[in-house]
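All remarks here apply to the structure that follows.
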Number of protein chains: 2
Amino acid sequence: MPLGAPHERSDAARNRERLLNAARDLVAEFGAEALTMDALACKAKVGKGTVFRRFGSRAGLMMTLLSDSESEFQAGFMFGRPPLGPGAAPRDRLVAFGEGRIYFVLENGELLKAAGAATRNRFDVPATKLSHRHMEVLLREAGIADPWVMAMSLTYALDPERIVDDVRVRGISPTRLADSWRELITRLVDPA
Amino acid sequence: MPLGAPHERSDAARNRERLLNAARDLVAEFGAEALTMDALACKAKVGKGTVFRRFGSRAGLMMTLLSDSESEFQAGFMFGRPPLGPGAAPRDRLVAFGEGRIYFVLENGELLKAAGAATRNRFDVPATKLSHRHMEVLLREAGIADPWVMAMSLTYALDPERIVDDVRVRGISPTRLADSWRELITRLVDPA
DNA sequence: ATACTAAACGGACTATGGTCCGCTTTCTAT
DNA sequence: ATAGAAAGCGGACCATAGTCCGTTTAGTAT
């Protein structure tokens, strides 16, 4: 896939397929949290070293598993229709972004938590960087003095762990989260 | 210490001292991140089981190590002088709280990260609950519609990992963080 | 076909947080 | 002092992410 891809070896390709299938099966059956790298290697009939060569870490595996739905969500706010996509006022786009994110997280919560878990990965996740940048741009348009830092605050406010725990552990409804996000953005951004 | 404390046994007290001293030494010398429970047990000349009996987990140990400075910070916003303590407008107290928190985190960052690390502990930390509640009260006074949820958003915006990484990894100055926090609160809370 | 090379493989090994449970010590009641 | 009970102790043991390195194998050049 990368540009200089020097011809993926056939055995490598075969093992990648096996691993991805095994991983999806395991996640479907036992949930992402319960997936261990040993179990995955075993189920895919592959050595443990191979798993780590392929994905680098447990978090890397989770990111790979997420990439499809993540791309879809990204396409939504980058190229989709307003108010999520381009064409609406920054404030409305931010509101829509947060709402979309909340529901996206609730659908893929386990995977996202596991993906961000490995310390130092929280912000190295490319998808997170992209979301941050997206918010940064909108905040700048909206006249925020330090959009980069503000986007970081908002990124953490939308942290997967936070959202999942609010809903599943602390019993807050998604709607309530979305309403509060709207209030936050509405007050933060001048009506323009 | 707790009310029904049924007389702490002398050997237990002795070991607690040993462990606390050893832990402080290790943190001072190698940093909190590098502290392993095995090393601690060994240095304190105590069995590993004893370490876990005493503190429950690595996160528990870190919390214990933090408790002094944490209490001090808490006293500041609960009983201190305005604008951090009672007597100032909610908006000003929130601004001061965030600033104080930022500098507190930068002083105790490693410990705080380690304390919150153990998944499911992030919000079970009593100190975090107290901070959350404090902000909730101020936000309610300030006329926020859903102060509980908003306080949660702000709690995550002040996440130790976020603050430490912004400053130490991404090179944002503490001042810049504090300014952005001020902007956030100022816009969020009506000037009242 | 053959030989060569770099990639890929696999599983033993390490590091570390946390658990378990039989043994020891302290305290208390007599 | 003594005995009994409860608290405490310790370190072997477990689970799991991640590393290492000697061996195998897929492509390639001749």
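Numbered from 1 within each chain, the chains take letters A, B, ... in sequence-line order.
Annotation: side chain to side chain donor-acceptor pair (under 3.5 Å) contacts of A/Arg133 (sequence neighbours excluded): A/Glu136. Judged as a side chain to side chain contact (heavy atoms under 4.5 Å, CB included), and not counting sequence neighbours, the contacts of A/Arg16 are A/Glu8, A/Leu20, A/Arg54. A/Asp92 meets the side chain to side chain contact (heavy atoms under 4.5 Å, CB included) test with A/Pro83, A/Ala88, A/Ala89; sequence neighbours excluded. Taking the side chain to side chain donor-acceptor pair (under 3.5 Å) definition, one finds that A/Asp25 meets it with nothing, sequence neighbours left out.
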| remark: Once base and sugar-phosphate atoms are separated, protein heavy atoms under 4.0 Å mark nucleotides 19-27 of chain C, 5' to 3', with B, S and - as B-----BSS
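Each of B/Val27, B/Leu19, B/Val46 was evaluated against B/Leu40; a single residue qualifies, B/Leu19, per the side-chain contact (heavy atoms from CB on, under 4.5 Å) test.
Taking the six-membered ring where tryptophan is involved, the planes of A/Phe73 and A/Phe104 are essentially parallel, since the angle between them stays under 30° and well short of 60°.
Among the atoms of the strands shown, only primed sugar atoms or phosphate atoms (P, OP1, OP2) are found under 4.0 Å from some heavy atom of B/Arg54.
No chain of hydrophobic side-chain contacts below 4.5 Å, direct or via other Ile, Leu, Val, Met, Phe, Trp or Tyr residues, connects A/Val149 to A/Val137.
Listed pair B/Asn15 / D/dG8 fails the phosphate criterion, with no side-chain N or O lying under 4.0 Å from OP1 or OP2.
B/Arg16 has its CZ atom 16 Å from the C1' atom of D/dC9, to the nearest Å. Rounded to an integer number of Å, the gap from B/Arg18 CZ to D/dG10 C1' is 12 Å. To the nearest angstrom, C1' of D/dG8 lies 13 Å from CG of B/Leu19.
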| Working for side chain to side chain donor-acceptor pair (under 3.5 Å), residues B/Arg58 and B/Thr36 | CA-CA 8 Å; B/Arg58 191 167 182 278; B/Thr36 74; over 6 Å; no
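Residues from residues 25-43 of chain A placing a heavy atom under 4.0 Å of any atom in DNA chain C do not occur.
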